[in-house]
Amino acid sequence: MNIDGKLTAKRLREKLSIEVMELKSQHGINPKLTVILVGEDPASQVYVKNKVKQTQEIGMISDEIKLPRDTSEKELLNQLERLNHDESVHGILVQLPLPKHIDESTIIAAISPNKDVDGFHAMNSGRLFNGEKGALVPCTPQGCVMLAKQHLGDDLSGMHAVVIGRSNIVGKPVAMLLLQENCTVTIAHSRTKNLPEVCKQADILVAAVGIAEFVKADWVKPEATVIDVGINRVLTDEGKYRLVGDVDYANVVNKCAAITPVPGGVGPMTIACLLKNTILAAKQSIS
Ligand code: NAD
């Protein structure tokens, strides 16, 4: 069966819109997300447009700063310095990837950890690693765990979770979140031996690899819940592009207990969790 990411994200946004109303009425705070886009990368423009739209739809303030491609690292750092000190801004997101002449890690480190709604700052990774409450946790991994719970219920303890991929954006944080849920966690990656055998042990299998239809049906046990993070564009026989995940969906869907489709699975959860993080940052700014 499919796990419906669109519906889960919609329900989360509805819940968040109530929290926004409460923040306004009880504390006079209107959560504000500022997104910075450097350059004109078409995919990034689409992502930013969707972020702005969904932010406004739940009653939050959205601000978009568009900078030309040749913006210097120093200029971007100056913008961040200003936003870090602007009390009306609760969340700051710098859309990645950045042009090559700007060092991403320098930029991520310059965002105030309290406004780092992408959750990529080392302070927030550390808080997640330590299991501290109130950490701003990367959005896609949060979405993955919510979708796993959508099918399995809130108690994931004792389940064996296998995460394929060890990036700082998806693989590592999703593994940390699943560990917090008391799963037994295996992180598999490009050097893992006998990957199909490792995957076959998974009660929860998270694929964050970036290779189209990489995970095959005979890697998945029948009781498994499969969370497919991948977004890959492949050319069809008709010469058009279509999006596929990191899992061979057509053959896995009838083999496993539940799976997130691509599109319509993890993808919609990412922006919803970004809104969730911005509201959390706004709440944490009150004290
Ligand atoms: P990445 O390239 O940073 O990391 C890929 C990981 O896969 C690496 O850690 C690597 O060790 C592992 N890997 C590569 N080849 C492998 C192999 N042959 N066997 C086992 N492991 C292998 O990618 P990422 O940023 O973590 O993203 C992963 C996928 O998730 C991509 O398709 C990306 O587009 C997608 N993604 C989706 C969302 C979303 O909102 N749904 C968000 C972020 C990323």
Side-chain angles (χ1 to χ4, degrees), residues 2-10 12-13 35 41-44 46-51 53-54 93-98 104-105 108 117-120 125 128 137-148 150 161-178 185-202 205-216 218-220 226-234 241-249 259-277:
N2 271 341
I3 304 173
D4 190 338
K6 262 190 181 169
L7 183 66
T8 311
K10 183 170 172 276
L12 176 57
R13 288 197 303 272
V35 180
D41 176 63
S44 293
V46 173
Y47 292 141
V48 168
K49 202 173 136 208
N50 286 337
K51 284 169 188 168
K53 184 169 167 271
Q54 293 191 27
L93 183 146
V94 179
Q95 183 65 45
L96 302 178
L98 287 166
E104 284 187 359
S105 54
I108 290 168
V117 283
D118 249 344
F120 296 159
S125 316
L128 171 62
V137 174
C139 304
T140 303
Q142 283 194 62
C144 291
V145 174
M146 284 180 199
L147 291 178
Q150 179 71 27
V162 174
V163 178
I164 321 174
R166 55 176 161 181
S167 71
N168 289 339
I169 292 173
V170 189
K172 282 187 214 162
V174 83
M176 283 300 140
L177 285 176
L178 289 163
V185 181
T186 301
I187 305 178
H189 48 78
S190 51
R191 306 287 178 91
T192 297
K193 289 183 180 145
N194 302 325
L195 186 59
E197 293 305 314
V198 174
C199 292
K200 253 184 239 173
Q201 296 171 25
L205 180 61
V206 181
V209 194
I211 303 175
E213 300 175 331
F214 178 71
V215 174
K216 304 299 176 205
D218 59 357
W219 302 16
V220 179
V226 181
I227 308 295
D228 189 351
V229 185
I231 302 178
N232 309 289
R233 262 158 51 101
V234 294
Y241 281 103
R242 75 183 172 100
L243 288 186
V244 299
D246 288 345
V247 178
D248 180 6
Y249 176 86
I259 183 168
T260 59
V262 177
V266 174
M269 294 301 291
T270 298
I271 299 183
C273 290
L274 173 69
L275 308 179
K276 179 172 173 279
N277 274 356

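Every number for a ligand or one of its atoms is a count from 1 in the order of the listing.
Annotation: ligand 1 has protein neighbours T140, I164, G165, R166, S167, V170, H189, S190, L195, A208, V209, G210, I211, F214, V229, G230, I231, N232, D246, V266, G267, T270, each with a heavy atom less than 4.0 angstrom from the ligand.
Evaluation of the side-chain hydrogen bond (donor to acceptor under 3.5 Å, both in side chains) rule for N168 yields K172 as partners, not counting sequence neighbours. The side-chain hydrogen bond (donor to acceptor under 3.5 Å, both in side chains) search around D218 returns none, not counting sequence neighbours. Residues satisfying the side-chain hydrogen bond (donor to acceptor under 3.5 Å, both in side chains) criterion with S125, sequence neighbours excluded, are absent altogether.
A donor-acceptor pair shorter than 3.5 Å can be found between the side chains of N2 and Y249. Side chains of Q95 and D41: a donor-acceptor N/O pair is absent below 3.5 angstrom, by distance only.
Other residues, nucleotides and ligands contribute more than 12 heavy atoms inside 6.0 Å of the NZ atom of K200.
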